[in-house]
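For reference, the structure is listed below as structure tokens.
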Amino acid sequence: MKVLFMTTLVFGHKSPDTDSTGSPLIWDWFLNHTGISAKAVLLGTPNTEAAFVAKRWGFDLPEIIADVQAGQKCVIVDTNNPAELPANINAADVVAIIDHHKLVGGLETKAPINITIRPLACTATIMHQMMGDHAGHMPEGVKGLMLSCILSDTLAFRSPTTTPVDKDLAVQLATDLGIDLNGYADEMFAAKSDVSAFSDAELLRMDSKEYAVAGTKFRVSVLETTSPRVLLDRKDSLMAAMPGVATADGVDQVLLFIVDILNEEATMLVPNDLTKTLAEKSFGATVDGDTVVLPGIMSRKLQIIPALTL
């Protein structure tokens, strides 16, 4: 137990994507490199892209933990939302937060901590800035993780969250690694688009966040893909699974946006009057049927969550 508490756990949010899988591994390397015992862990099974990235750069996927013990030292990355963290997080010893999302509130800490939240597209980009001269010591695998996180979170620079800082760092890392940036991004997105092994409920939770609108609780799910037809062919079963997932997760409704990376648009599933009203009021859409295409919508953080209205 003493050994565990002396080691700082580094983790991101539940339903880990590439940034929330890669960034804990990156910060694990940095902390150990600077003399602090650290261990990356996950709060759930990572998506197929994250699993591909870890294997591509020579990393085993971190251990999945269900909760943290009281007093356990932790660094939280890629979120600051208690709903996306272990149930016992406020009893743990959170020593730092590194994030690029809006400040939610609700976390309690045992002492003052280091909080770094910057308006960049990717947590890994912030980590590179925080490393200073130590970034020059990153081994190839860590550079590969960092590049992968940036490409994933920016959708290879198509997302409106992309900043020049993110893009310049990605280009630099690709050059250092001697790989074709666009070709590698295509490999990542192909891995992300392979969802054949996942149930409908798993897909609805795969990349999702909880958000309340006018007292109504939503699970806002986004599936980014270069093959939207594969997901749209499962439309009926995905919508049929929504009520069960909502009940199990303690929300009123699941929202699903299928983001077409190549055509830069999202298709929202519209199973009932509540989602129809939300789509029309939030995005100015005209809904005729059980789906609606939203041109230019690619980012949950910048374009979907802020727009949600009832």
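Since this is a predicted model, take the numbers as computed values, not measurements.
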Any side-chain donor paired with an acceptor under 3.5 Å for Asn32 and Asp28? yes
Ignoring hydrogens and geometry beyond distance, is a side-chain donor-acceptor pair present between Asn80 and His101 at under 3.5 Å? no
Can Asp93 and Lys110 be counted as an ion pair, charged N to O under 4.0 angstrom? no
Charged N to carboxylate O under 4.0 angstrom, Asp99 versus Arg118? no
Smallest heavy-atom separation, Ala170 atom then Leu181 atom, equals O-CD1, 3.8 Å
In Å, rounded to the nearest 0.5 Å, how long is the span from CG of Asn272 to CG of Leu278? 10.0 Å
For Glu202 against Ala197, the heavy-atom pair lying closest together: OE1-O, 4.1 Å
Between Asp166 and Thr125, do the side chains contain an N or O donor and an N or O acceptor separated by less than 3.5 Å? yes
Give a yes-or-no answer on whether the side chains of Thr161 and Ser159 include a donor-acceptor pair shorter than 3.5 Å. yes
Euclidean distance, Met146 CE relative to Leu25 CG, rounded to 0.5 Å: 11.5 Å
CD on Glu224 to OG on Ser152, rounded to 0.5 Å: 6.5 Å
How about Glu264 and Ile297: do any of their side-chain heavy atoms sit closer than 4.5 Å? no
Test log, rule side-chain hydrogen bond (donor to acceptor under 3.5 Å, both in side chains), inputs Asp200 and Ser237: CA-CA 7 Å; Asp200 295 317; Ser237 61; 3.1 Å; yes
Identify the two heavy atoms, one from Val77 and one from Ser23, that lie closest to each other, and give their separation to 0.1 Å. CG2-CB, 4.2 Å
Mark yes when over 12 heavy atoms from residues, nucleotides or ligands other than Lys167 sit less than 6.0 Å from its NZ; otherwise mark no. no
Donor-acceptor pair, side chain of Asp19 and main chain of Cys149, under 3.5 angstrom: no
Presence of salt bridge, Glu63 and Lys39, under 4.0 angstrom: yes
Would Ser37 and Thr7 count as a side-chain hydrogen bond (donor to acceptor under 3.5 Å, both in side chains) if you check the C-alpha gap in whole Å, the side-chain angles of each, and the deciding distance to 0.1 Å? CA-CA 5 Å; Ser37 176; Thr7 299; 3.1 Å; yes
Have Gln253 and Arg219 got a donor and an acceptor in their side chains that come within less than 3.5 Å? no
Output all residues satisfying side chain to side chain contact (heavy atoms under 4.5 Å, CB included) with Ala54, sequence neighbours left out; order by chain, then residue number. Phe59, Leu61
Report yes or no: does Ser221 contribute a side-chain atom to a donor-acceptor pair with the main-chain N or O of Ser208 at less than 3.5 Å? no
Heavy-atom pair with the smallest gap, counting every atom of Thr226 and Phe189: CG2-CB, 3.7 Å
Please find the pair of heavy atoms, one from Phe157 and one from Thr162, that lie closest to each other, and give the distance. CA-OG1, 3.5 Å
Donor-acceptor pair between Ser20 and Asp17 side chains, under 3.5 angstrom: no
Check whether any side-chain N or O of His100 sits under 3.5 Å from a backbone N or O of Leu120 as a donor-acceptor pair, and report yes or no. yes
Indicate yes or no: at least one non-hydrogen side-chain atom of Ser148 is less than 4.5 angstrom from one of Trp57. yes
Hey, does Leu255 have a side-chain heavy atom less than 4.5 Å from the side chain of Ile304? no
So the ring pair (Phe, Tyr, Trp, His ring centres under 6.0 Å) pairs with at least one residue in residues 194-247 (sequence neighbours excluded) are none
Out of Arg205, Lys217, Lys209, which residue meets the salt bridge (charged side-chain N to carboxylate O under 4.0 Å, His left out) rule with Asp249? Arg205
Can a donor-acceptor pair be found between the side chains of Thr225 and Ser193 at a distance below 3.5 Å? yes
Do Leu308 and Val220 have side-chain heavy atoms sitting under 4.5 Å apart? yes
Which of parallel (below 30°), tilted (30 to 60°) and perpendicular (above 60°) describes His134 and His33? perpendicular
Heavy atoms of Val68 and Ala92 approach each other most closely as CG2-CB, 3.8 Å
Can you find a heavy atom in the side chain of Thr275 that is under 4.5 Å from one in the side chain of Met268? yes
Can Lys235 and Asp290 be counted as an ion pair, charged N to O under 4.0 angstrom? yes
Do the non-hydrogen side-chain atoms of Thr116 and Ile97 ever get within less than 4.5 Å of each other? no
